[in-house]
Q: 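Here it is: the structure, laid out below.
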Amino acid sequence: MRVLLVGNGAREHAMGEALAKGSKVYAVMKARNPGIMGLATGYAVGNILDPELVLKKAREWDVDCCVVGPEAPLGTGVTDRLEEEGIPCASPQKAAARIELDKSYCRSLMKKHGCRGQVAYEKFDDAAKAAEFIDVYGKPVAVKPLGLTGGKGVKVMSGLPGQLKDAEEAKAYAKEVIESGIGGANEVVIEEKLEGEEFTIQAFVDDESVIGMPAVQDHKFAYDGDKGPFTGGMGSYSTGKLLPFMGEGDYNAAIAILEDIVAALKKEGTPYKGAIYGQFMLTAGGPKVVEINARFGDPEAMNVLPILKTSYSEICAAINEGELKSMDIAFEPSSTVCKYVVPKGYPTKPESGKKISIVGKPKSRLYYASVDKRKGRLYTSSSRALAFVGIGKTIGEAEAIAAESLSLVKGPVSYRKDIGTRELIEKRIRHMEEVRNSMQ
Ligand code: GLY
């Protein structure tokens with residue numbers, strides 16, 4: 001099979017690696033990802049948002065199927081255009097991807113179809129009305145730009161540094177979102193702040209089935225101890241199925257929510273296919289939807305794809321044939337810990353264009369994100385640079401492998417040391433116990 005991959009981050013490097021096990025991979029990237037360049041039979045660098053360019057390359061390479069890594073090309077209609085021309089995509093069309101592209105659509109769809117896992121929310125394009133709602137609601141809220149912000153536009157009334165201290169700050173941020181058009185729209189969603197532990201479940205979806213992958217926990221804050229500003233994700237861990245603070249019932253409840261949402265999209269006449277990403281808060285009342293994304297997560301893709309035993313390209317083919325239910329999709333029963341190396345100062349003042357090097361051979365998997373490779377040397381950009389994924393029998397083993405790899409990186413970089421450590425995981429377990437106890 002010949003598969004076209006669109007995108008150029010570490011997530012797409014992991015997707016390309018999984019696809020290359022059974023297929024020839026071709027890539028359209030907006031920047032030269034050294035990892036994808038190394039595994040692809042052919043690649044082009046250009047505007048990945050341009051459906052005509054992607055179509056031209058798909059035809060030139062005579063691909064059988066396409067998968068899209070990031071959400072933005074879904075929003076510009078890349079998958080719609082390819083499918084119009086008979087090239088199937090194991091990623092959703094624009095109308096179904098709206099579940100991610102428009103935060104308030106996700107909430108209203110869930111409400112209309114009575115999906116499980118809903119949270120209280122309102123949408124505003126008027127700062128005064130948003131402020132009035134925050135006052136009347138009287139409880140802590142999350143303020144979310146309506147459009148895409150790469151996970152960095154959401155602010156929560158948590159009192160943590162970089163977040164919202166109180167209702168006054170929440171009102172001021174809602175005003176800023178509306179007036180400055182953060183996320184590309186002059187609208188804001190105000191939601192109840194959920195108490196609990198966040199987790200991600202990704203699933204393969206076709207017309208009939210939702211097949212869940214192992215649960216993963218991402219780490220959004222830039223610095224150790226969940227401090228600092230939000231990022232696209234600094235790293236993540238998985239034990240191969242559940243997480244240490246959740247039970248089988250919580251996992252099944254999250255899958256049931258994804259099934260409700262997929263069924264709702266189908267009822268709307270915009271069926272979903274490809275990988276779906278559910279970000280949930282495990283509250284005392286079970287999982288609630290934080291957001292739904294129309295793609296794999298980054299870094300979460302790197303926790304699941306390296307341990308996927310079934311051929312990813314066969315899964316893509318089955319998605320397009322509506323045959324997922326006949327597949328026995330399996331993952332290695334391994335733990336994974338992913339740790340991102342980012343330029344020093346990321347995300348607020350990243351030192352870009354700086355030389356970095358890896359001294360020695362990492363024992364973990366290495367996925368390239370936003371780095372330039374020139375004359376065999378690596379240079380940072382303003383975004384996340386390298387992701388190391390340790391794989392082991394336990395989280396401790398996987399963490400030690402990833403941590404050892406981090407120590408091999410030289411140059412002006414930083415990373416979170418605490419992701420996947422026993423101390424942080426115990427803190428998560430204690431927190432979840434406190435949340436559950438507070439409801440008794
Ligand atoms: N890890 C967050 C995301 O992929 O949206």
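Sequence positions, counted from 1, serve as the residue numbers for this chain. Start at 1 and go down the list; that is how both ligands and their atoms are numbered.
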Q: Please classify the Gln279 to ligand 1 contact at 4.0 Å (heavy-atom distances, strictly less than): side chain, backbone, both or neither.
A: neither
Q: Ignoring angles and geometry beyond distance, decide whether Glu300 reaches within less than 3.5 Å of ligand 1 through its nitrogen or oxygen atoms.
A: yes
Q: Taking the six-membered ring of Phe296 (Phe, Tyr or Trp), confirm whether the NZ or CZ of Arg11 is under 6.0 Å from its centre and within 45° of its axis.
A: no
Q: With heavy-atom distances below 4.0 Å as the criterion, list the atoms of ligand 1 near Asn293.
A: 5 (O)
Q: Can you tell me if Ser236 contacts ligand 1 (heavy atom of the residue under 4.0 Å from the ligand)?
A: no
Q: Show the atoms of ligand 1 that are less than 4.0 angstrom away from any heavy atom in Asp218.
A: 1 (N), 2 (C)
Q: Please tell me whether Tyr26 and Tyr43 form a close aromatic pair, meaning their ring centres lie under 6.0 Å apart.
A: no
Q: Suppose I only count heavy atoms of Gly297 and a 4.0 Å limit; which atoms of ligand 1 are within that range?
A: 4 (O)
Q: Judging by distance only, is a nitrogen or oxygen of Asp298 under 3.5 angstrom from one on ligand 1?
A: yes
Q: What atoms of ligand 1 come closer than 4.0 angstrom to any heavy atom of Gly232?
A: 1 (N), 2 (C)
Q: For a side-chain hydrogen bond (donor to acceptor under 3.5 Å, both in side chains) with Asp226, tell me which candidate from Arg416, His219, Lys220 qualifies.
A: Arg416
Q: Determine yes or no for a side-chain-to-main-chain donor-acceptor pair under 3.5 angstrom, with Thr380 supplying the side chain and Lys354 the backbone.
A: yes
Q: Is the shortest distance from a heavy atom of Gly233 to ligand 1 less than 4.0 Å?
A: no
Q: Would you check whether Phe296 reaches within less than 4.0 Å of ligand 1, judged by its heavy atoms?
A: no
Q: Tell me whether the centres of the aromatic rings in Phe221 and Phe230 are closer together than 6.0 Å.
A: yes
Q: Applying the side-chain hydrogen bond (donor to acceptor under 3.5 Å, both in side chains) criterion to Gln93, which one of Lys273, Arg98, Glu83 satisfies it?
A: Glu83
Q: Which atoms of ligand 1 have any heavy atom of Pro299 under 4.0 Å away?
A: 1 (N)
Q: Using every non-hydrogen atom in the two residues, find where Phe388 and Ile358 come nearest and quote the distance to one decimal.
A: CZ-CD1, 4.4 Å
Q: Checking Lys266 against Tyr272: charged group under 6.0 Å from the ring centre and within 45 degrees of the axis?
A: no
Q: Does only the side chain of Thr200 get under 4.0 Å from ligand 1, or the backbone, or both, or neither? Count heavy atoms.
A: neither
Q: Applying a heavy-atom cut-off of 4.0 Å, say which part of Arg295 lies close to ligand 1: side chain, backbone, both or neither.
A: side chain
Q: Between Pro306 and Arg365, which heavy-atom pair has the shortest distance, and what is it?
A: CB-NH1, 3.7 Å
